[in-house]
Amino acid sequence: METIYESSTYTDSFQHIGNCAESGKTIQQTITIDDGTGKLYDYVLTKDIEWKEYTIQPDFNVNPTEPTIIDNTEIIPTINDPYDIVQEDGVDYDFSEDGTSLNHQEDETVRQVLSVPRLQTVIQTVRYFTGWEIKTNSISKNIEKTNIPPEACNEENISCFTVPTAIYTSCSTDQEDNPQNLRIDWELYLDLNSYIEISEDENGNEVRTVVYDEDNQDWSLQTSLDNNTVFSWTYNNEGRYKLIEIATDTDGDSSNAVRKYNIAFQKCDDTVAEDQTIQAYGEIEVEGNTWQLCAIPMVNGYWDKDKHKIINNKNNPVRSTIKNVIIDQVEDVYGTNATEYIKVINTTAVGDLEGTMYNYIPGVTKGTSVHNFNLVQIDDDNDLADDLIKYEICGFWIKPNGRDFKIKWGVIE
């Protein structure tokens, strides 16, 4: 569509706004002059004008620059908009796993928890008017995260014998990683300046008290254990002890759980003793890449997921099975499904059931199934006429799933 502008003054200027976008546009200037004799002459100048669209450049910063997965991070827009053409409510954000946030102003700061560990992609999309039409432009940034160290913790299960034995089970957690991927190391120290003071109570019973000076301690390393979620120790010396658990995540960040306590060799107080006594205990270390033959001499008792140890109820004893001793324990200690560690547990039963095959498959076999077999068979048929009950330990094969792990057992009454 042609547009004509006319003026009798050659110094006049004019503005032209195009109606639609074109790749180019021609402007023709015509000057009419009088040569002084009444003759008119036209002088024509033609120029091709290239039309340009308005553009913007999306951009944003984050504060903090390397947030953790729990920070409420500020998304601060820094859009280059020299022509002020960004649309009202024209800025959107895509936070990948954390969803989207739409229809923001170009100078509006958005606050968002970026919950993906290590790296998270954030996309800013901006709508703007080019002079001809509304378009969008986007920028994508990978936000690096600050790693959160794991939180170290452990739980104690200590026997009440004259020479106590303690088992410490890690309960360390990590907000970014699976706890089973944590490396757990242990260090046990004894204060060499601590000593035992012996006295008597009002009933004439011996009382052994650990004496120490908090400001004058001489810690001596007694033992250490690397890369194990469970630490056990039999205390052969009385005194003040310090146990340090070091939890390290896959990024190399770590934290410590420090436990200080006294060990004195003395009879348990019946008022605080549990209603059970450990008669024998041990651990089975299962190698991750080979079939392993095992046997556990437990008639009664089970793994308690709340107390994180093997217990028994004298008044209502529970028979020990594959499920309540091994499967429940692995899932509690390692914080994952037993299928991550065990493919199958097989046995050929002993005693009167000899020759019967049982196969326990984690995640498939129910606790009520006959394949959830007892760890010890009770043979009370008196075949030998000796009036004795026989307790026959059931040997079984474990096929692991490629990972090393431990099974604790305890004979309790």
**Request:** Answer yes or no: does atom CD of Glu151 have more than 12 heavy-atom neighbours from other residues, nucleotides or ligands under 6.0 Å?
**Result:** no
**Message:** Just verifying a value: how many Å separate Trp409 CH2 and Gln329 CD, rounded to the nearest 0.5 Å?
**Reply:** 12.0 Å
**Request:** I would like to know whether Lys135 and Glu53 meet salt bridge (Lys or Arg N to Asp or Glu O under 4.0 Å); could you show each step before the answer?
**Result:** CA-CA 11 Å; Lys135 286 188 175 181; Glu53 291 184 331; 3.3 Å; yes
**Item:** side-chain contact (heavy atoms from CB on, under 4.5 Å) between Ile79 and Asp59, worked out
**Value:** CA-CA 5 Å; Ile79 302 166; Asp59 201 5; 5.8 Å; no
**Request:** Taking the six-membered ring for Trp and the full ring for Phe, Tyr or His, determine whether the centres of Trp219 and Tyr189 are under 6.0 Å apart.
**Result:** no
**Request:** Could you please spell out the steps behind the side-chain contact (heavy atoms from CB on, under 4.5 Å) verdict for Val299 and Arg319?
**Result:** CA-CA 6 Å; Val299 179; Arg319 291 295 305 278; 4.1 Å; yes
**Item:** Within 6.0 angstrom of Phe129 CZ, more than 12 heavy atoms from elsewhere
**Value:** yes
**Complete:** With Tyr360 as partner, the option from Ile398, Asn346, Thr321, Thr365 fulfilling side chain to side chain contact (heavy atoms under 4.5 Å, CB included) is Thr365
**Asked** Quick check: does any side chain N or O of Asp251 sit under 3.5 Å from a backbone N or O of Asn147, one acting as donor and the other as acceptor?
**Response** no
**Message:** Please determine whether salt bridge (Lys or Arg N to Asp or Glu O under 4.0 Å) holds for the pair Arg127 and Asp89, giving the CA-CA distance in whole Å, both sets of side-chain angles, and the decisive distance to 0.1 Å.
**Reply:** CA-CA 9 Å; Arg127 294 180 293 279; Asp89 301 329; over 6 Å; no
**Asked** Is there a side-chain contact (heavy atoms from CB on, under 4.5 Å) between Lys242 and Asp191 once you walk through the steps?
**Response** CA-CA 8 Å; Lys242 176 173 65 176; Asp191 177 12; over 6 Å; no
**Asked** With sequence neighbours left out, which residue pairs that include part of residues 165-254 fulfil the disulfide bond (SG atoms under 2.5 Å apart) condition?
**Response** Cys153-Cys171
**Message:** With salt bridge (Lys or Arg N to Asp or Glu O under 4.0 Å) as the criterion, how do Asp304 and Lys309 come out once you've worked through the C-alpha distance, each side chain's angles and the decisive distance to 0.1 Å?
**Reply:** CA-CA 6 Å; Asp304 189 303; Lys309 62 181 181 180; over 6 Å; no
**Message:** Set out, in order, the CA-CA distance, both residues' side-chain angles and the distance that settles side-chain contact (heavy atoms from CB on, under 4.5 Å) for Val333 and Phe405, then state yes or no.
**Reply:** CA-CA 10 Å; Val333 171; Phe405 62 96; over 6 Å; no
